[in-house]
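First up is the structure itself, then whatever we jot down about it.
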Amino acid sequence: MQMTMTAKIKINPTSEQIALLRNALDAYRTGCNYVSSLVFETKQVAQAKLHKQSYGILRSVYLLRSQMAQSVMKTVIARYQSLKSNGHDWTKVLFKKPEYDLVWNRDYSLTQGLFSINTLSGRVKVPFETKGMEQYFDGTWSFGTAKLVNKYGKFFLHIPMTKEIPEASEYTMNQVAGIDMGINFVAVSYDSQGKSLFFNGRSIKDKRSNYKHMRKQLQEVGTASARRKLKRIGQRENRWMTDVNHQVSKALVTRYGANTLFVVEDLTGVRHATERVKIKDRYETVSWAFYQLRQMLEYKALMAGSKMIAVDPCYTSQVCPKCGHTEKDNRNKKKHTFCCKTCGYRSNDDRIGAMNLQRKGMEYIAEVTAQA
């Protein structure tokens, strides 16, 4: 199957190149806003017709090079099509961020260890840092349309990288690991050997509570500087959470290796469950990046020669993995414990969830192999 990852590559332009890149970013953003005004007024998203209306002005007034002008139109059309497909009202799209879409081999390329990037004044060749991204430059990945981003005073290329990776077969699986995701424990695993792995979430939960407290204080202040700080805190928290999820998913895949079936709960509806969560706990529960962790586990498992499936989460923390008795009172949510009312089996409630997920994985493999 084809797998696409976004590699975030830091580039290191000289002071002269920085000026050229910033001019290109500004011109691209201004061009996007001009074309966006046209689309908003005419509701015209056909590129051929939009080309007739805007191409000449993008070239003569905004001084964009030919390929940049084409990219501007494609960027704007994509944003309006996304607006429509998501069911939003027809509103004017504004381009605020300094970003520039680069088509591979037209706007940017890789030559002799340098990125060659199109600017208003021609191409500039810029060195870059790999730092853990070495795998994407081994010749097996194909480059897609990148985005040049100027953030925190630094320049980055966000490049979609695509590679054909053979999908692991259920017939080769020699290990099934159930992964329960939660708040008190970020993840708990239970494998075919009956062993568990716990990733404690207490310190993470405390840190998120601190972020919540800072956010509340700044919201009460309400000044422009407080709003700017709020934005910085939100970005910092997101980067930290992403790093946590990277570490957890990497540790799980490293622990179990190839030919492992990872089984997780399908938590697609977790954001719609707020009515069942106390108001004071909603921030920690509903805003947790479960889906991001699941995505990371999925692609890392695939790259390691393993597979991940998501199953129905119903009753995974209420079913006794020993005798099968299902009862809500089996679980004590406050104490995070499980005690079967029939056979008396006791354990941590998150571990019980992982055990039941592992069992569902075993049933899945048995069903697939039986159908062969």
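Counting from 1, the numbers follow the sequence of the chain as shown.
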Taking side chain as C-beta onward, heavy atoms only, is Phe143 less than 4.5 Å from Asn105?
no

Full working for side-chain hydrogen bond (donor to acceptor under 3.5 Å, both in side chains) between Ser225 and Thr223
CA-CA 5 Å; Ser225 61; Thr223 61; 3.2 Å; yes

Under the salt bridge (Lys or Arg N to Asp or Glu O under 4.0 Å) test, residues paired with Lys300 that sit two or more places apart
none

Any side-chain heavy-atom pair from Tyr152 and Gln235 closer than 4.5 angstrom?
yes

Main-chain N/O of Cys340 paired with Arg346 side-chain donor or acceptor, under 3.5 Å
no

Quick check: are there more than 12 heavy atoms from other residues, nucleotides or ligands sitting under 6.0 Å from CE of Met133?
yes

All heavy atoms of Cys339 vs all of Gly344, minimum pair found to be SG-O, 4.2 Å

So for atom NZ, which belongs to Lys229, do other residues, nucleotides or ligands contribute more than 12 heavy atoms lying within a distance under 6.0 Å?
no

Parallel, tilted or perpendicular: ring planes of Phe115 versus Phe128, cut at 30 and 60 degrees:
tilted

Please check if the side chain of Arg29 supplies one atom and the backbone of Glu99 the other of a donor-acceptor pair under 3.5 Å.
no

What is the ring orientation for His246 with Tyr299, classed by angle as parallel under 30°, tilted 30 to 60°, or perpendicular over 60°?
perpendicular

Non-hydrogen atoms of Phe156 and Lys151 that approach each other most closely
CE1-O, 3.8 Å

Search all heavy atoms of Phe137 against all heavy atoms of Leu110 and return the closest pair with its distance.
CD2-CD2, 3.8 Å

The side-chain contact (heavy atoms from CB on, under 4.5 Å) partners of Ala251 (sequence neighbours excluded) come to Phe199

What's the shortest heavy-atom distance between Asn330 and Lys341, and which atoms?
OD1-N, 3.0 Å

Judged by atom type as modelled, is there a donor-acceptor pair below 3.5 Å linking the side chain of Asp243 to the main-chain atoms of Arg239?
no

With Tyr108 via side-chain hydrogen bond (donor to acceptor under 3.5 Å, both in side chains) - residues at least two apart
none

Test question: given the 4.5 Å side-chain rule for I, L, V, M, F, W and Y, name all other residues clustered with Tyr315, or answer none.
Val319

Any donor-acceptor pair under 3.5 Å linking the side chain of Glu164 with the backbone of Met1?
yes

Roughly how far, to the nearest 0.5 Å, is CG of Leu21 from CD of Glu16?
11.0 Å

So which residues get pulled into Ile352's cluster when ILVMFWY side chains under 4.5 Å apart are joined, directly or through others?
Tyr190, Phe338, Tyr345, Met355

Under 3.5 Å: donor-acceptor pair, side chain of Thr316, backbone of Gly353
no

Run Leu120 and Met68 through side chain to side chain contact (heavy atoms under 4.5 Å, CB included) and show every step you take.
CA-CA 9 Å; Leu120 300 178; Met68 292 173 75; 3.9 Å; yes

From Gln135 CD over to Met5 CE, what is the distance, rounded to the nearest 0.5 angstrom?
7.5 Å

Qualifying residues under side-chain hydrogen bond (donor to acceptor under 3.5 Å, both in side chains), relative to Thr342, sequence neighbours excluded
His325

Checking side-chain polar atoms at under 3.5 Å, does Thr75 have a donor or acceptor matched by the opposite partner on Tyr100?
no

Min side-chain heavy-atom separation Ile159-Trp141 under 4.5 Å:
no

Does any non-hydrogen side-chain atom of Leu38 lie less than 4.5 Å from one of Val76?
no

Hey, is the main chain of Phe262 close enough, under 3.5 Å, to the side chain of Thr260 for a donor-acceptor pair?
no

Could you tell me which non-hydrogen atom of Glu265 sits nearest to which non-hydrogen atom of Arg294, and how far apart they are?
O-NH1, 4.4 Å

Could you measure the distance from the CD1 atom of Ile9 to the CG atom of Leu157? Nearest 0.5 Å is fine.
7.5 Å

Is there a side chain to side chain contact (heavy atoms under 4.5 Å, CB included) between Ile77 and Gln47? Walk through the geometry before answering.
CA-CA 8 Å; Ile77 289 170; Gln47 187 164 346; 3.8 Å; yes

State the CG-OH distance between Leu58 and Tyr28, to the nearest 0.5 angstrom.
10.0 Å

Rounded to the nearest 0.5 Å, how far does CG of Leu20 lie from OG1 of Thr14?
8.0 Å

Any side-chain donor near an acceptor of the partner, Ser36 and Lys92, under 3.5 Å:
no

Side chain to side chain, Val311 and Tyr364, heavy atoms closer than 4.5 Å
no

Going by atom types only, do Asp89 and Thr91 share a side-chain donor-acceptor pair under 3.5 Å?
no

Under 4.5 Å between any side-chain heavy atoms of Ser66 and Tyr55, yes or no?
yes

May I ask you to list the residues sharing a hydrophobic cluster with Leu94, side-chain cutoff 4.5 Å, ordered by chain and number?
none

Indicate yes or no for a side-chain donor-acceptor contact from Ser209 to the backbone of Lys205 under 3.5 Å, with no hydrogens or angles considered.
yes

With a 3.5 Å distance limit and no angle check, can you tell me whether Asp312 reaches the backbone of Cys314 through a side-chain donor-acceptor pair?
yes

pair Ile117-Ile11: side-chain heavy atoms closer than 4.5 Å:
yes

Mind checking what makes side-chain hydrogen bond (donor to acceptor under 3.5 Å, both in side chains) contact with Ser317, not counting sequence neighbours?
none

Residue pairs passing the side-chain hydrogen bond (donor to acceptor under 3.5 Å, both in side chains) test with at least one member in residues 174-189, sequence neighbours excluded, are Gln175-Ser192, Gln175-Gln193, Asn184-His336, Ser189-Tyr256

With sequence neighbours left out, write down each residue that passes salt bridge (Lys or Arg N to Asp or Glu O under 4.0 Å) with Arg202, or none if nothing qualifies.
Asp206

Is a donor on one side and an acceptor on the other found under 3.5 Å between the side chain of Asn332 and the backbone of Thr337?
no

So how far is it from Lys52 NZ to Gln44 CD, rounded to the nearest 0.5 Å?
10.5 Å

Within the structure provided, determine whether Phe40 and Val93 are in side-chain contact (heavy-atom separation under 4.5 Å).
no

Donor-acceptor pair, side chain of Gln17 and main chain of Lys125, under 3.5 angstrom
yes

Residues Met3, Lys163; criterion side chain to side chain contact (heavy atoms under 4.5 Å, CB included); working and verdict:
CA-CA 5 Å; Met3 185 172 74; Lys163 182 178 182 178; 5.6 Å; no

Hits for side-chain hydrogen bond (donor to acceptor under 3.5 Å, both in side chains) against Ser116, two or more places apart or cross-chain, chain-then-number order -> Arg123

Which atom names give the shortest non-hydrogen contact between Arg351 and Gly194, and what distance separates them?
NH2-O, 4.3 Å

Residue among Lys231, Arg215, Arg232 satisfying salt bridge (charged side-chain N to carboxylate O under 4.0 Å, His left out) with Glu237
Arg215

Using salt bridge (Lys or Arg N to Asp or Glu O under 4.0 Å) as the criterion, list what pairs up with Arg65, not counting sequence neighbours.
none

